[in-house]
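This report refers to the structure that appears directly beneath it.
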Amino acid sequence: MKYLVRDKIFAVGDDYWIEDEHGGHAFLVDGKALRLRDTLELKDPHGQVLVTLRQKMFSLRDSMTIERDDRPLATIRRKRLSLLRNHYRVTLVEGTELDVSGRILDREFTIEYDGELLAHISRQWFRVRDTYAVNVVRDDTDTALLIAVAVCVIRMAERGD
């Protein structure tokens, strides 16, 4: 399933709908402007918060956290020893790790688990410059988590984290 995302969602304080491949509202990104740290909520079409994305404060290495029901779900950090491509590691609370690699700022990257593709993020499917797709490859994955990971790594890459 492909989800359509426009880059303007990354302005904190702005709200924006992520659409499914049929043009329906799939997720609402709710930017929280009056917070001490960078915070976004990913909501379902009925307004229920699915995950919260937060910039981690006072961390040795810059990172972002993804929370569900006010409990940590995952932490995202840039891999420091990756020379050729942007590379991020997503550590879920139970210890599972996802790898994110590719050209993040070009919106051409993948999210993998143990070498298996979970999602492909790309602009190639769209002619509009500020639009890209998150193509969730497996049906049994947490779509909200994968979209949250894509949003986080793009924010981190844009800030130079």
Side-chain angles (χ1 to χ4, degrees), residues 1-10 15-32 38-56 61 63-79 82 84-126 128 130-158 161:
M1 174 72 88
K2 288 182 186 164
Y3 296 91
L4 173 68
V5 185
R6 289 189 177 89
D7 280 337
K8 76 175 199 173
I9 71 166
F10 297 113
D15 296 346
Y16 187 79
W17 283 102
I18 294 175
E19 299 171 354
D20 63 23
E21 60 190 324
H22 308 293
H25 289 169
F27 301 99
L28 175 66
V29 177
D30 185 359
K32 301 297 180 185
D38 197 1
T39 302
L40 296 171
E41 292 177 340
L42 190 63
K43 298 178 178 180
D44 71 12
H46 306 290
Q48 180 173 342
V49 176
L50 301 172
V51 291
T52 303
L53 297 65
R54 297 184 198 279
Q55 177 184 2
K56 204 162 185 183
R61 288 174 38 187
S63 63
M64 288 190 78
T65 59
I66 299 172
E67 300 171 0
R68 180 171 280 145
D69 300 324
D70 294 322
R71 295 192 333 244
L73 177 62
T75 301
I76 302 172
R77 290 187 177 86
R78 183 162 193 218
K79 287 181 75 172
S82 181
L84 299 177
R85 301 165 69 168
N86 290 337
H87 202 128
Y88 291 81
R89 166 109 353 112
V90 181
T91 306
L92 298 159
V93 290
E94 79 272 358
T96 302
E97 291 186 343
L98 307 178
D99 283 319
V100 180
S101 64
R103 297 183 324 271
I104 309 295
L105 293 175
D106 292 334
R107 308 312 190 253
E108 296 291 338
F109 60 97
T110 60
I111 303 171
E112 298 179 342
Y113 168 67
D114 202 22
E116 183 179 353
L117 181 65
L118 299 178
H120 180 219
I121 291 76
S122 179
R123 277 194 174 138
Q124 74 182 8
W125 295 299
F126 300 100
V128 181
D130 63 347
T131 303
Y132 64 93
V134 177
N135 184 17
V136 177
V137 176
R138 290 186 41 168
D139 293 334
D140 63 341
T141 57
D142 184 342
T143 302
L145 173 63
L146 295 178
I147 290 174
V149 167
V151 169
C152 285
V153 296
I154 290 170
R155 286 185 80 88
M156 292 173 74
E158 287 177 340
D161 292 352

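- A 4.5 Å side-chain heavy-atom check between Val90 and Thr75 finds every atom pair outside the cut-off.
- Residues Phe27 and Leu50 meet the side-chain proximity criterion, which asks for heavy atoms closer than 4.5 Å.
- Annotation: the span from Glu21 atom CD to Tyr3 atom OH amounts to 8.0 Å, rounded to 0.5 Å.
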Dump the intermediate steps for salt bridge (Lys or Arg N to Asp or Glu O under 4.0 Å) on Asp99 and Arg89, then the final yes or no. CA-CA 5 Å; Asp99 283 319; Arg89 166 109 353 112; 3.2 Å; yes
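- Inter-residue side-chain proximity for Leu145 and Leu92 is flagged as met; some heavy-atom pair is nearer than 4.5 Å.
- Between Thr141 and Val136, the closest side-chain pair of non-hydrogen atoms falls below 4.5 Å.
- In terms of heavy atoms, Pro45 sits closest to Ala26 at CD-O, 3.3 Å.
- The CG atom of Leu40 sits 14.5 Å away from atom OH of Tyr16, with the distance rounded to the nearest 0.5 Å.
- A side chain to side chain contact (heavy atoms under 4.5 Å, CB included) with Ile121 is found for one member of Thr110, Asp106, Asn135, Ile111 and no other, namely Ile111.
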Do Glu116 and Arg138 pass the side chain to side chain contact (heavy atoms under 4.5 Å, CB included) test, and can you show the C-alpha distance, the side-chain angles, and the key distance before you say yes or no? CA-CA 10 Å; Glu116 183 179 353; Arg138 290 186 41 168; 2.6 Å; yes
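- At least one donor-acceptor pair closer than 3.5 Å links the side chain of Arg107 to the backbone N or O of Leu105.
- Between Arg71 and Asp69 there is no salt bridge, since none of the side-chain N atoms of the basic residue sits less than 4.0 Å from a carboxylate O of the acidic one.
- Here the side chains of Gln48 and Lys43 are not in contact, with every heavy-atom distance at 4.5 Å or above.
- Interatomic distance, OG1 of Thr65 versus CG of Leu73, reported as 9.5 Å (0.5 Å rounding).
- Each of Val49, Val51, Thr52 was compared with Arg68 under the side chain to side chain contact (heavy atoms under 4.5 Å, CB included) criterion, and only Val51 meets it.
- Looking only at side-chain heavy atoms (C-beta outward), His87 and Arg78 stay at 4.5 Å or farther from each other.
- Under a 3.5 Å cut-off, the side chain of Arg54 and the backbone N or O of Ile66 do not form any donor-acceptor pair.
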Worked verdict on Ser63 versus Ile76 for side chain to side chain contact (heavy atoms under 4.5 Å, CB included): CA-CA 5 Å; Ser63 63; Ile76 302 172; 5.9 Å; no
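- Counting heavy atoms from C-beta on, the side chains of Ile147 and Leu42 come closer than 4.5 Å.
- Checking side-chain atoms of Glu112 against main-chain N and O of Leu98 turns up no donor-acceptor pair under 3.5 Å.
- The two residues Ile104 and Ile154 make their nearest non-hydrogen contact at CG2-CA, 3.8 Å.
- Of the possible polar contacts, one joining the Asp20 side chain to the His22 backbone as a donor-acceptor pair under 3.5 Å is found.
- Scanning for side chain to side chain donor-acceptor pair (under 3.5 Å) contacts around Thr96 gives Glu94, with sequence neighbours left out.
- Contact annotation: the side chain of Tyr132 approaches that of Val134 to within less than 4.5 Å [non-hydrogen atoms, C-beta and beyond].
- Here the closest heavy-atom approach between residue Arg77 and residue Met156 is recorded as CA-CE, 4.3 Å.
- Contact record, Ala119 with Leu146: CB-CD1, 4.1 Å, taken as the closest heavy-atom pair.
- Note that CD of Glu41 is 10.0 Å distant from CD of Glu67, once rounded to the nearest 0.5 Å.
- A distance of 10.0 Å separates OG in Ser122 from CZ in Phe109, rounded to the nearest 0.5 Å.
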